[in-house]
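Beneath this line is the structure, given in structure tokens, with notes to follow.
Every chain is numbered from 1 and lettered A, B, ... according to where its sequence line falls, protein lines coming before strand lines.
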Amino acid sequence: GAVVSQHPSWVICKSGTSVKIECRSLDFQATTMFWYRQFPKQSLMLMATSNEGSKATYEQGVEKDKFLINHASLTLSTLTVTSAHPEDSSFYICSASRTANTEAFFGQGTRLTVV
Amino acid sequence: RKEVEQDPGPFNVPEGATVAFNCTYSNSASQSFFWYRQDCRKEPKLLMSVYSSGNEDGRFTAQLNRASQYISLLIRDSKLSDSATYLCVVKGGATNKLIFGTGTLLAVQP
């Protein structure tokens, strides 16, 4: 299957700093990528839909100024958690698909811990 | 009401057992249905798509009942390696986004 690479796989940062997470589709072009967050023992919750060349679409309750998404090319989307706080500690996962109607492939996830 | 509901489990079963997971969804406009598997602290991976006619892949059988908005997954002859969380996923409707259930934890015991 297709490969989606996410980096870093884990990060520990101080409260108040910003963290950037990268999501790359390695062997296909992804017009759309999705960013999810998963708290312990909970399901994946969609945060935003990242569209190449345009602004991201955020889900209700997700602060767009806190979670900055950039989708500058067909193979790369980035999520920046700005001014991170301990409550932002979570597992962040991206997914990408060739088209809206084909299988979504997931990155390996990034475990963020804010201390 | 959650868009996709699953029994969180855990389901503790012995090796060789048959186990069934159920899932219901609320949006009747949903168009695609999947079961994903997620191992601890890992990303979800597609196990199988679910079709109205039912589909089978080895020891795994998935069924969809659109009238009841109900999806099932049957695992026969459980292996230790089947231990994971199984996520019911629904796609479609107005947004065409993947909506995940909370997952059902399966623990296969030796």
Side-chain angles (χ1 to χ4, degrees), chain A residues 1-11 21-26 30-51 56-60 62 89-113, chain B residues 1-11 21-27 29-51 55 57 62 71 73 84-107:
Chain A
V3 178
V4 175
S5 177
Q6 195 171 332
H7 178 80
S9 56
W10 61 270
V11 58
I21 303 170
E22 294 186 347
C23 180
R24 294 179 184 274
S25 55
L26 298 184
T31 308
T32 304
M33 292 184 176
F34 299 90
W35 287 97
Y36 297 84
R37 181 168 54 183
Q38 186 178 33
F39 291 106
K41 298 187 178 181
Q42 294 187 25
S43 188
L44 279 75
M45 296 300 295
L46 181 64
M47 298 176 66
T49 303
S50 172
N51 303 298
T57 304
Y58 290 81
E59 294 300 299
Q60 192 172 14
V62 178
S89 299
S90 186
F91 191 48
Y92 292 85
I93 313 177
C94 69
S95 76
S97 55
R98 288 183 175 87
T99 69
N101 296 313
T102 54
E103 179 184 350
F105 297 93
F106 286 84
Q108 303 95 319
T110 298
R111 192 160 300 281
L112 170 64
T113 302
Chain B
R1 184 186 172 190
K2 292 180 182 175
E3 288 191 68
V4 180
E5 296 210 50
Q6 292 181 252
D7 180 344
F11 283 54
F21 303 139
N22 303 318
C23 168
T24 58
Y25 60 96
S26 61
N27 187 348
S30 300
Q31 297 168 1
S32 304
F33 309 88
F34 310 91
W35 283 102
Y36 276 75
R37 170 191 168 132
Q38 186 176 24
D39 292 288
C40 188
R41 303 173 82 86
K42 299 281 189 180
E43 77 278 17
K45 293 189 177 176
L46 180 65
L47 180 65
M48 58 197 306
S49 301
V50 189
Y51 306 111
N55 50 303
D57 182 1
I71 305 161
L73 176 67
T85 296
Y86 290 83
L87 301 167
C88 176
V89 184
V90 172
K91 183 179 181 182
T95 61
N96 208 35
K97 295 177 227 180
L98 288 178
I99 307 297
F100 286 80
T102 51
T104 299
L105 179 61
L106 171 66

All side chain to side chain donor-acceptor pair (under 3.5 Å) counterparts of B:T85, not counting sequence neighbours:
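With neighbours one apart ignored, the set is empty.
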For A:Q38, side chain to side chain donor-acceptor pair (under 3.5 Å) partners two or more places apart
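If we apply the side chain to side chain donor-acceptor pair (under 3.5 Å) test to A:Q38, skipping adjacent residues, the hits are B:Q38.
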Closest approach of [X] to [Y] (non-hydrogen atoms, all atoms of both residues):
X	Y	value
B:S49	B:N55	O-ND2, 2.6 Å
B:Y25	B:S30	CD1-OG, 4.0 Å
A:S43	B:F100	OG-CB, 3.1 Å

Report which part of A:L46 has an atom under 4.5 Å of a heavy atom belonging to chain B: side chain, backbone, both, or neither.
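The answer is the side chain of A:L46.
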Interchain contact, A:F106 with chain B, by part (heavy-atom threshold 4.5 Å):
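Both parts, heavy atoms under 4.5 Å.
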Flag side-chain contact, heavy atom, 4.5 Å: B:F21 against B:C88
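No, too far: nothing below the 4.5 Å cut-off.
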Is A:R37 positioned over the aromatic face of A:Y92, cation under 6.0 angstrom from the ring centre and no more than 45 degrees off axis?
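Pair A:R37/A:Y92 does not count as cation-pi.
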Residue part contacting chain A, namely of B:F34, when any heavy atom lies under 4.5 Å:
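B:F34 has no heavy atom closer than 4.5 Å to chain A.
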With chain A as the partner chain, list the residues of residues 2-10 of chain B whose heavy atoms fall under 4.5 Å from it, by residue number, and write 'none' if nothing qualifies.
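None at all.
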Pairing residues for A:S9 by the side-chain contact (heavy atoms from CB on, under 4.5 Å) criterion, not counting sequence neighbours
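By the side-chain contact (heavy atoms from CB on, under 4.5 Å) rule, A:S9 matches no residue at all.
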Let's test your reading of the structure: which of A:T49, A:T57, A:L44 forms the most heavy-atom pairs below 4.5 Å with chain B?
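Greatest number of close heavy-atom pairs with chain B: A:L44.
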